[in-house]
Amino acid sequence: MKPANSILAGFGTTVFEVMTRLAIEHQTINLGQGFPDEDGPDSIKRMLNTATLEGPNQYPPMLGIPELRQAIAAHNKRFHDLDVDWQTETMVTTGATEGLAASILALIEPGDEAVVFEPLYDSYVPMLRRAGAEVKFVRLQPPHWGLPREELAAAFSERTKLILINTPMNPTGKVFDREELSFIAALIEKYDTYAICDEVYEHLIFDGVKHIPLITLPGMRERTIRIGSAGKTFSMTSWKVGFLTAAPNLLSLIAKAHQFLVFTTASNLQRAVAHGLDHEQDWYTNLAVELQAKRDMLHDALTDIGFDVMPTAATYFMNADFRSLGFEGTDVDFCRHVTVEAGVTVLPVSALYATPDVDHLVRFCFCKKDAVLQGALTRLRDFFGA
Ligand code: PMP
Ligand code: GLN
């Protein structure tokens, strides 16, 4: 048979699926794939029920139901003082993942270059390459993941079509500050490019640090696509409802990709999420407070066990170097080892690099019940004799 598409054929199964399958197989405590073990607010579950029972359960408008698009616009105004016309500048996507894919497909022409930061969320590179982009990688370095300004400037060229920025960032827990974003914005203007901003963790941020959307910086309004996720904001990762905000000319282009990818997103989920955005601000702002306490607890406990733990300012995730425990294999070896031998699953960070040579870090997901985190820590303490 003729070979299928060689770009996609070259990628394995996503690491999140691989590690969760391994966790199930060995019946471990799974701190690998990023998902909370407690669902979001009951009010949105009830609204989902009502919306399903009341109907209609037929195709909603392609760009999303007005209720949710108005809620997305209001959310932009409430948190970032960003004035958005819901009719021309918002779109509902089937998860942030689809919003990212539609944006990439709408902008990239074969031969364009795209700048990304490593380590990165695993859907970016396959989608960029499949769209025909040559990907330019800029590595952030642990433990502080600062912006390497010279390297970033060198990654831009006349062929750069877009930069993809994830802030707050998975897996590093980094939050880009205003100075870093201004530096990036200057490059975007200089090279006349676009920015796709993956901001799915915008509310999961600690220590009073503020999330700054690039779209709010001078000159960025016409060039930036801002993407959020109900999965993250409401701890409902299965729901796959994304929020996209962009200037009208950009939005209408992305809508052309969206209409052929999925056309639209389940209407009952949209109504439930609209209810959440309008009425559950307290819920998701409290979630950040709870997560911050879990972060602090896990950080101290892993340090006591002997891990070299990195600071994290946001997201569900914390990274740690395991070499301080005397383990000499790779991160993939380490993850298999603790899964099989200690009954705890974590994620190898090398899977989030295009070239997996940074192989001494593992990612812990801490959006879990305290008892679950304590259970994992007890197992790790026993195993490492701490
Ligand atoms: N971007 C990042 C950085 C993520 O960690 C995730 C994981 N959920 C997504 C996008 C995907 O979001 P969704 O589930 O809404 O597609
Ligand atoms: N965003 C989640 C993580 O980083 C998982 C997403 C997925 O499973 N596709 O773990």
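At a threshold of 4.5 Å between side-chain heavy atoms, the hydrophobic network of Ile, Leu, Val, Met, Phe, Trp and Tyr places Val135 and Val115 in two separate groups. Side-chain heavy atoms closer than 4.5 Å link hydrophobic residues (I, L, V, M, F, W, Y) into clusters, and following such links, possibly through other members, connects Phe384 to Leu377. With hydrophobic clusters built from ILVMFWY side chains whose heavy atoms lie under 4.5 angstrom apart, Val200 shares a cluster with Leu287. Under the 4.5 Å side-chain heavy-atom criterion for grouping Ile, Leu, Val, Met, Phe, Trp and Tyr, Leu325 is connected to Leu298 within one hydrophobic cluster. Under the 4.5 Å side-chain heavy-atom criterion for Ile, Leu, Val, Met, Phe, Trp and Tyr, Met220 and Leu82 are members of distinct hydrophobic clusters.
Closest approach of His258 and Ala102 over heavy atoms only: N-CB, 4.1 Å. Smallest separation of non-hydrogen atoms from Leu140 and Gly146: CD2-O, 3.4 Å. Heavy atoms only, all atoms of each residue included: Ala247 and Glu222 are closest at CB-OE1, 3.7 Å. Among all heavy-atom pairs drawn from Pro60 and Ile65, the shortest one is CB-CG2, 3.8 Å. The minimum heavy-atom distance between Arg159 and Gly111, with the atom names listed, is NH2-O, 2.8 Å. Of all heavy-atom pairs spanning Val92 and Gly64, the tightest one is CG2-CA, 3.8 Å.
For the pair Thr237 (side chain) and Gly231 (backbone), a donor-acceptor distance under 3.5 Å is absent. At distances below 3.5 Å, at least one donor-acceptor pair connects side-chain atoms of Gln292 with backbone N or O atoms of Asp207. A donor-acceptor pair under 3.5 Å links the side-chain atoms of Glu118 to the main chain of Ala354, judged by distance alone. Looking only at distances, a side-chain donor or acceptor of Arg379 sits under 3.5 Å from a matching main-chain atom of Gly343. Side chain of His211 to main chain of Tyr201: no donor-acceptor pair is present (N/O by atom type, distance under 3.5 Å, no hydrogens or angles). Looking at Arg223, its side chain does come within 3.5 Å of a backbone N or O of Thr193 through a donor-acceptor pair. In terms of modelled atom types and a separation under 3.5 Å, the side chain of Ser252 and the main chain of Asn249 share a donor-acceptor contact. A donor-acceptor pair under 3.5 Å is absent between the side-chain atoms of Gln33 and the main chain of Thr20, judged by distance alone. Using a distance-only test at 3.5 Å, with no hydrogens or angles considered, a donor-acceptor pair links the side chain of Lys161 to the main chain of Leu107. Counting only distance, with no hydrogens or angles, the side chain of Thr355 and the backbone of Asp357 share no donor-acceptor pair below 3.5 Å.
Inter-residue side-chain proximity for Ser267 and Gln58 is flagged as unmet; no heavy-atom pair is nearer than 4.5 Å. The side-chain heavy atoms of Asn268 and Arg271, taken from C-beta on, include no pair separated by under 4.5 Å. The closest side-chain heavy-atom distance from Leu347 to Leu352 is below 4.5 Å. Ile227 has its side chain within reach of Ser103: a pair of non-hydrogen atoms, C-beta onward, lies under 4.5 Å apart. No side-chain heavy atom of Tyr194 sits under 4.5 Å from any side-chain heavy atom of Ile225. By the 4.5 Å heavy-atom criterion applied to side chains, Val273 and Phe243 are counted as neighbours. Annotation: side chain of Thr315 is not in contact with side chain of Met169 (no heavy-atom distance under 4.5 Å). Between Trp86 and Ile72, the closest side-chain pair of non-hydrogen atoms is not below 4.5 Å.
The six-membered or imidazole ring of Phe322 lies away from that of Phe307, with a centre-to-centre distance of 6.0 Å or more. Residues Phe383 and His337 bring their aromatic ring centres within 6.0 Å.
Atoms SG and CG, on Cys197 and Leu164 in that order, are 8.0 Å from each other to the nearest 0.5 Å. Between atom OG of residue Ser43 and atom CG of residue Leu48 there is a gap of 11.5 Å, rounded to the nearest 0.5 Å. The line from NE2 of His275 to CD of Glu67 is 10.5 Å long, rounded to the nearest 0.5 Å. One distance of note links OG1 of Thr245 with CG of Leu250; it measures 11.5 Å at 0.5 Å rounding. Put simply, CG on Leu100 and OG1 on Thr93 are 8.0 Å apart, with the number rounded to the nearest 0.5 Å. Atoms OG1 and CD, from Thr90 and Gln87 in turn, are 8.5 Å apart once rounded to the nearest 0.5 Å.
Among residues at least two apart or in separate chains, ring-ring contact (aromatic ring centres under 6.0 Å, His included) pairs with a member in residues 145-176 are Phe117-Phe176, Phe156-Tyr191. Under the ring-ring contact (aromatic ring centres under 6.0 Å, His included) criterion, the residue pairs touching residues 55-77 are Tyr59-Phe263, His75-Phe79, His75-His203, with sequence neighbours excluded.
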(Q) What verdict does the side-chain contact (heavy atoms from CB on, under 4.5 Å) test give for Arg78 and Asp278, after you've listed the backbone C-alpha separation in whole Å, the side-chain angles of each residue and the deciding distance to 0.1 Å? (A) CA-CA 10 Å; Arg78 187 179 304 123; Asp278 286 339; 4.2 Å; yes
Q: Could you check Phe137 against Val125 for side-chain contact (heavy atoms from CB on, under 4.5 Å), going step by step and ending with a plain yes or no?
A: CA-CA 10 Å; Phe137 295 95; Val125 174; 3.7 Å; yes
Q. Given the rule in the side-chain contact (heavy atoms from CB on, under 4.5 Å) test, do Met310 and Asp321 qualify, once you have shown the distances and angles that lead to the verdict?
A. CA-CA 8 Å; Met310 277 150 220; Asp321 188 336; 4.2 Å; yes
Q: Could you walk me through whether Asp192 and Thr160 pass the side-chain contact (heavy atoms from CB on, under 4.5 Å) test, one step at a time?
A: CA-CA 8 Å; Asp192 185 21; Thr160 307; over 6 Å; no
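The residue from Val175, Asp198, Thr172 that alone fulfils the side chain to side chain contact (heavy atoms under 4.5 Å, CB included) condition with Thr167 is Val175.
Residues forming a side chain to side chain contact (heavy atoms under 4.5 Å, CB included) with Asp359 (at least two apart in sequence, or on another chain): Thr330, Asp331, Ser350.
When only modelled atom types and interatomic distance are considered, Thr28 and Thr339 share no side-chain donor-acceptor pair under 3.5 Å.
Under a 4.0 Å N-O distance rule, the pair Arg21/Glu17 qualifies as a salt bridge.
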Hey, can you pull the donor-acceptor pairs under 3.5 Å for the side chains in residues 2-11, sequence neighbours left out?
| residue | atom | partner | partner atom | Å |
| --- | --- | --- | --- | --- |
| Asn5 | OD1 | Ile7 | N | 3.1 |
| Asn5 | OD1 | Leu8 | N | 3.0 |
| Asn5 | OD1 | Arg130 | NE | 3.3 |

Show me the donor-acceptor pairs within less than 3.5 Å that the side chains of residues 178-187 make with the rest of the protein, sequence neighbours left out.
| residue | atom | partner | partner atom | Å |
| --- | --- | --- | --- | --- |
| Glu180 | OE1 | Lys174 | NZ | 3.2 |
| Glu180 | OE1 | Asp177 | N | 3.0 |
| Glu180 | OE2 | Leu147 | N | 3.4 |
| Glu180 | OE2 | Lys174 | NZ | 2.8 |
| Ser182 | OG | Arg178 | O | 2.8 |

Quick one: side chains of residues 362-375, donor-acceptor pairs under 3.5 Å with protein atoms, not counting sequence neighbours, listed by atom name and distance.
| residue | atom | partner | partner atom | Å |
| --- | --- | --- | --- | --- |
| Arg363 | NH1 | Asn170 | OD1 | 2.8 |
| Arg363 | NH2 | Gly32 | O | 2.9 |
| Lys368 | NZ | Phe35 | O | 2.6 |
| Asp370 | OD1 | Lys294 | NZ | 2.9 |

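Applying the 6.0 Å contact sphere to NZ of Lys77 captures more than 12 heavy atoms from other residues, nucleotides or ligands.
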